[in-house]
Amino acid sequence: MNNFEALGIDEKIVKAITDLGFETPSPIQEKAIPALLNETTDLVGLAQTGTGKTAAFGIPLIQKVDFNSKKTQALILCPTRELCVQITKDLTNYSKYFQGTNIVPVYGGASIETQIKLIQRGAQIIVATPGRMADMIRRKKADLSEVRWVVLDEADEMLDMGFKDELDIILDTTPKEKNTWLFSATMPAEVARIAKTFMNNPFEVSVGAKNSSAVNISHEYYPVHARDRYLALKRLVDCNPDIFGMIFCRTKIETQEIAEKLMKDGYNADSLHGDLSQMQRDRVMERFRSKALQILVATDVAARGIDVNNITHVIHFSLPDDIENYTHRSGRTARAGKTGVSMAIVNMREVGKIRDLERILKTKFTQKLIPNGFEVCEKQLFSLIKRVHDVQVSEQEIEPYIDNVYKELDDLSKEELIKKFVSIEFNRFLSYYKNAPDINVNTSKEARRSENGRNFDDTKTRFFINVGELDDINKSQLLRMICDASGVRGNDIGRIDVKNSFSFFDVESTSEDVILSSLNEQTFNGRKIKVEISAKKDDSSSSGKSFGRTGGRREFGGSGNKENNRSSFEKPKYESKNNFDSKPRTGSRPRTDKPRRSY
Ligand code: AMP
């Protein structure tokens, strides 16, 4: 009997998951599966993505659902379309040795008519986002009267995304006698309310403490001046030649900008954010998932629920406002028992945020230095040598040419030949990095200057806005609203204090006019927005909600990196001499300044 059969799992499912490469159950599967198979129970599972929770609820569901019936017996709710598609795919895989299965994904942004048809064909399991499911219910297109199991996956995310009313409607519509299985990475009050209102003495499983991050992620931070953020990003990427990573930015505009710069500089990168059409998002995700794309630059919202295995690095180009977002971002790596690295590029003001993160996540963050040119070149050189060493030679295909190749290279010794081959790639990095400056900041010196009263926010104006916690807005949402309405970049927005019925935020003073004119035309939840320049710049202390910090310049909530507008970002001074835009070029390729790595 193998490890899965010992949990009581049907052999057809064991066969299917063995095909997927599952060998041993993950901790949450070990705890949840026997309970869900053997008992008629509600369940609360505190677990993040990457722990194997989809199989923890999916396997018992497949085993319990009657696929001979056409009735909808199980409903799985999750926050995003991405996750919805992923769960459907996973459950379809687990049930591939069963006959008559119909597991239907239901999500917004796609034809509701097609989804209705699929449901009406007899969907035993519906996997849905709350908005579209509530819509189906309103249109009376889904018969949920025989639902026996409701799964709430990533409940905290669903509530965070404002799906509270939809969840209440859906849970009220399904039969009272059902079992509810709720999974959440965190247990904020709203999730606890759902558990209390809709569940009966739930069985509890927890893997990892609340707000903890996976132990197999190493957390690093790199202090640099704000103006050097992008250079730092490129060095981190260059120093990790095999990176398959995600880069997180705070806003859509910043995300787009960084992705474009990387692409222009020849990196195999693309962006994922809310302004893309569904088709564009699908295309980007498809390329990323198949590893045709090496670097995905994303906003927190767009990246929710992304489940791509083997992500090696998560880079925080800018830190998020909320602790949950940090945990969520870094949880994109180190999935399914792998290890991963979470790297935060921070300016001096943000070092305090790192301390907050360490305290709240009870995790050590290691301060690291941005590698210098020599280190990058060394890494690239040995990566190249490894590739040469490991490359598969297509003997047959190369055969017709090989005699002539030998002839052409006849005059070179083995040593010369090696040097020349290696130099073809290596020279590009060498010339790019040979005069590369040290961009690390001396944190102790900078910290002293900061303490001595240097004001990092001197160039910012403080604004008052008439929305606050009572309007159900948090720092990230406020930041997004400001950026979206005004076009001001996230990096130009500093401290944000959300109060009860109003908020304050700091923005580069050069953007005063655009902030006033654009935001004063907006409405929020039906209320007309009013924005004014606040009389006193320091008239509020932090609400301390996001990262539990109060007052002072070190409060979590703004990068203040006004330098980012510098055009010299594209052409750092040490490059212009060599007439390189930003990166060395590859021999015969068109002007691309970054070596492309094959996957
Ligand atoms: P999840 O937490 O459900 O998003 O799962 C994360 C990843 O781990 C998915 O790609 C699963 O296919 C994979 N996975 C889940 N359970 C196992 C297991 N027992 N052994 C190996 N891989 C697993």
Side-chain angles (χ1 to χ4, degrees), residues 1-11 13-34 36-37 43-63 74 76-96 103 105 125 127 129 151-158 181-186 205-208 212-217 244 246 285-286 288-291 303-312 314 327-340:
M1 194 184 278
N2 85 5
N3 292 323
F4 285 105
E5 282 165 335
L7 298 182
I9 302 174
D10 184 293
E11 62 181 28
I13 302 177
V14 173
K15 191 159 180 276
I17 58 177
T18 307
D19 292 350
L20 292 173
F22 292 17
E23 285 172 5
T24 42
S26 70
I28 190 153
Q29 292 162 3
E30 243 167 10
K31 291 180 192 168
I33 292 175
L36 297 180
L37 284 178
L43 176 132
V44 171
L46 261 184
Q48 305 185 356
T49 49
T51 52
K53 66 182 165 59
T54 313
F57 66 77
I59 290 174
L61 271 190
I62 300 290
Q63 193 153 326
I76 300 167
L77 297 168
C78 59
T80 62
R81 172 189 194 276
E82 267 291 327
L83 193 55
C84 183
V85 171
Q86 185 64 42
I87 294 173
T88 308
K89 206 174 105 210
D90 288 349
L91 266 59
T92 308
N93 282 333
Y94 309 154
S95 60
K96 70 177 183 184
I103 303 169
I125 302 176
V127 188
T129 51
V151 180
L152 303 173
D153 193 19
E154 303 206 351
D156 49 353
E157 295 283 352
M158 287 196 280
W181 303 343
L182 177 150
F183 289 84
S184 193
T186 57
V205 287
S206 167
V207 287
S212 75
S213 55
V215 283
N216 42 353
I217 302 175
F244 174 52
M246 289 192 72
M285 280 314 298
E286 185 52 43
F288 190 52
R289 197 164 274 128
S290 66
K291 296 203 167 126
R304 289 223 168 110
I306 283 187
D307 174 27
V308 175
N309 282 340
N310 302 322
I311 290 178
T312 58
V314 164
T327 310
H328 186 269
R329 286 176 175 193
S330 48
R332 299 307 96 197
T333 182
R335 298 169 71 75
K338 302 266 172 29
T339 55

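Counting convention: from 1, in listed order, for ligands and their atoms alike. The first residue in the sequence is number 1, and the count goes up from there. Hydrogens, waters and symmetry mates are skipped; everything else that's a heavy atom, side chains included, is used. If you're wondering where the values come from, they're calculated on a predicted model, not measured in any experiment.
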Taking only residues two or more places apart in sequence, or in another chain, which ones meet Phe22 in a ring-ring contact (aromatic ring centres under 6.0 Å, His included)?
none
Is the side chain of Glu5 donor-acceptor paired with the backbone N or O of Val14 at a distance under 3.5 Å, no angle test?
no
Can you tell if the side chain of Arg332 reaches within under 4.5 Å of the side chain of Val308, non-hydrogen atoms only?
no
For atom 23 (C) of ligand 1, the option (of Phe183, Phe4, Phe22) bearing the nearest heavy atom:
Phe22
Find all atoms of ligand 1 within a distance of less than 4.0 Å from any non-hydrogen atom belonging to Thr24, and give their numbers and elements.
18 (C), 19 (N), 20 (N)
Is there a donor-acceptor contact under 3.5 Å from the side chain of Thr333 to the main chain of Ile311?
yes
Sorted by chain and residue number, the ring-ring contact (aromatic ring centres under 6.0 Å, His included) partners of Tyr94 (sequence neighbours excluded) come out as none
Any side-chain to backbone donor/acceptor pair from Thr129 onto Arg81? Under 3.5 Å, distance only.
no
A student checking ligand 1 against Thr51 at a 4.0 Å heavy-atom cut-off should list atoms 2 (O)
Please confirm whether Gln29 comes within less than 3.5 Å of ligand 1 when only nitrogen or oxygen atoms on both sides are compared.
yes
So the atoms of ligand 1 within less than 4.0 Å of a heavy atom of Asn309 turn out to be 7 (C), 10 (O)
Please check whether Gly52 reaches ligand 1 - meaning an N/O of the residue sits under 3.5 Å from an N/O of the ligand, judged on distance alone.
yes
Find all atoms of ligand 1 within a distance of less than 4.0 Å from any non-hydrogen atom belonging to Thr54, and give their numbers and elements.
1 (P), 3 (O), 4 (O)
